[in-house]
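None of the values given here were measured: they were computed from a predicted structure.
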Amino acid sequence: EDLRILHARIVQDTERLTNLSNALFSRIIPSLVISLALGVILLVLNWYLFLAILLLGPLIFLAGRLAGKRIKLRVIAFQRAFERFSKGVLFVLRYLDLTRIQSAEEEEKRRQTAVLQDLQAETGNMAYSFALNAQLQEFLTGLSAIVIIILGGASVALGWMSLGDFIAFYLAASFLNRYVGFITT
């Protein structure tokens, strides 16, 4: 393995591990506890609407998994482009004098420009994939909210639950959505 690529991977992986451990203890574990508590509250408020949420959950999860596979491929492509960029920068810095002595500045500039353009393209592709996934999740979450409003409104109209119970259920479901979002992102 090229030591420059290995260096870039070690730096990136170390940063990822730090971010993962920070997210685990600061966001994921508290969000799991709060999500479980909200799930119990929703179940107590109205089991019928809670069942609707449980039935819609796998659809949102499946869409996230499918988009996640695409994102994973984009992230890997970005990482490889970043490794090539890091390797190129290290090369330029290390052999700057040699490049000047051999009058190869223009050739090296073209090579490094191509590497930088590749990194820029892969960064854009990765950002596009993340944005598309976020929009898909927002759409499905909004669709779930509409289903809850329709079913809850029908339950209120039929007298199966009070308007106050429905509002409490909807607010608790909104909080649940937020905390589940913390877990899945």
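Residues Trp47 and Ile41 fall within the same hydrophobic cluster, defined by Ile, Leu, Val, Met, Phe, Trp and Tyr side chains chained together at heavy-atom separations under 4.5 Å. Residues Val40 and Ile34 fall into different hydrophobic clusters, defined by Ile, Leu, Val, Met, Phe, Trp and Tyr side chains chained together at heavy-atom separations under 4.5 Å. Two different hydrophobic clusters hold Leu54 and Leu140 under the rule that ILVMFWY side chains link at heavy-atom gaps under 4.5 Å. Note on Leu51 and Leu59: separate hydrophobic clusters, where clusters join Ile, Leu, Val, Met, Phe, Trp and Tyr whose side-chain heavy atoms are under 4.5 Å apart, directly or indirectly. Leu90 and Val92 are members of different hydrophobic clusters when ILVMFWY side chains are connected at heavy-atom separations under 4.5 Å.
Atom CD1 of Ile150 is separated from atom OG of Ser155 by 12.0 Å, given to the nearest 0.5 angstrom. Put simply, CG on Leu176 and OH on Tyr170 are 12.5 Å apart, with the number rounded to the nearest 0.5 Å. Atom CG of Leu45 sits about 12.0 Å away from atom CD1 of Ile167, to the nearest 0.5 Å. Considering CZ of Phe91 and NZ of Lys87, their distance stands at 9.5 Å, rounded to 0.5 Å.
Minimum heavy-atom separation, Phe169 to Phe50: CZ-N, 3.6 Å. Summarising the geometry of Arg70 relative to Ser129, their closest heavy-atom pair is NE-OG, 3.8 Å, with the distance given to 0.1 Å. Of all the heavy atoms in Met161 and Gly152, the pair that sits closest is SD-O, 4.4 Å. When every heavy atom of Ile148 is checked against every heavy atom of Ala173, the shortest pair comes out as CD1-CB, 4.3 Å. Nearest approach of Ser35 to Tyr179, heavy atoms of both residues: OG-CB, 3.5 Å.
Put simply, the side chain of Glu105 does not reach to within 4.5 Å of the side chain of Lys109, judged on heavy atoms. For the pair Val156/Ser162, no side-chain contact is recorded, criterion being any heavy-atom separation below 4.5 Å from C-beta on.
Shown here is Glu138, whose CD atom has no more than 12 heavy atoms of other residues, nucleotides or ligands within 6.0 Å.
Taking Ile, Leu, Val, Met, Phe, Trp and Tyr as hydrophobic and joining them when side-chain heavy atoms fall under 4.5 Å apart, one finds Val115 in a cluster with Ile71, Val75, Phe78, Phe82, Phe85, Val89, Leu93, Leu116, Leu119, Met126, Phe130. Hydrophobic clustering, defined by side-chain heavy atoms of Ile, Leu, Val, Met, Phe, Trp and Tyr closer than 4.5 Å, groups Leu158 together with Trp160.
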- Go through Leu136 and Leu132 one step at a time and tell me if the side-chain contact (heavy atoms from CB on, under 4.5 Å) criterion holds. CA-CA 6 Å; Leu136 176 65; Leu132 187 63; 5.8 Å; no
- Query: Hey, mind stepping through Ser144 and Ile53 against side-chain contact (heavy atoms from CB on, under 4.5 Å) and telling me if it holds?
  - Reply: CA-CA 7 Å; Ser144 298; Ile53 289 174; over 6 Å; no
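For Arg16, the salt bridge (Lys or Arg N to Asp or Glu O under 4.0 Å) test picks out Asp13, with sequence neighbours left out. Applying the side-chain hydrogen bond (donor to acceptor under 3.5 Å, both in side chains) test to Glu108 and every residue at least two apart in sequence or in another chain returns Arg111, Gln112. Evaluation of the salt bridge (Lys or Arg N to Asp or Glu O under 4.0 Å) rule for Glu15 yields no partner, not counting sequence neighbours.
Evaluation of the salt bridge (charged side-chain N to carboxylate O under 4.0 Å, His left out) test over residues 112-136, restricted to residues two or more places apart or in two chains, returns Arg84-Asp118.
The side-chain contact (heavy atoms from CB on, under 4.5 Å) with Phe166 is formed by just one residue from the set Leu151, Leu171, Leu49; it is Leu49.
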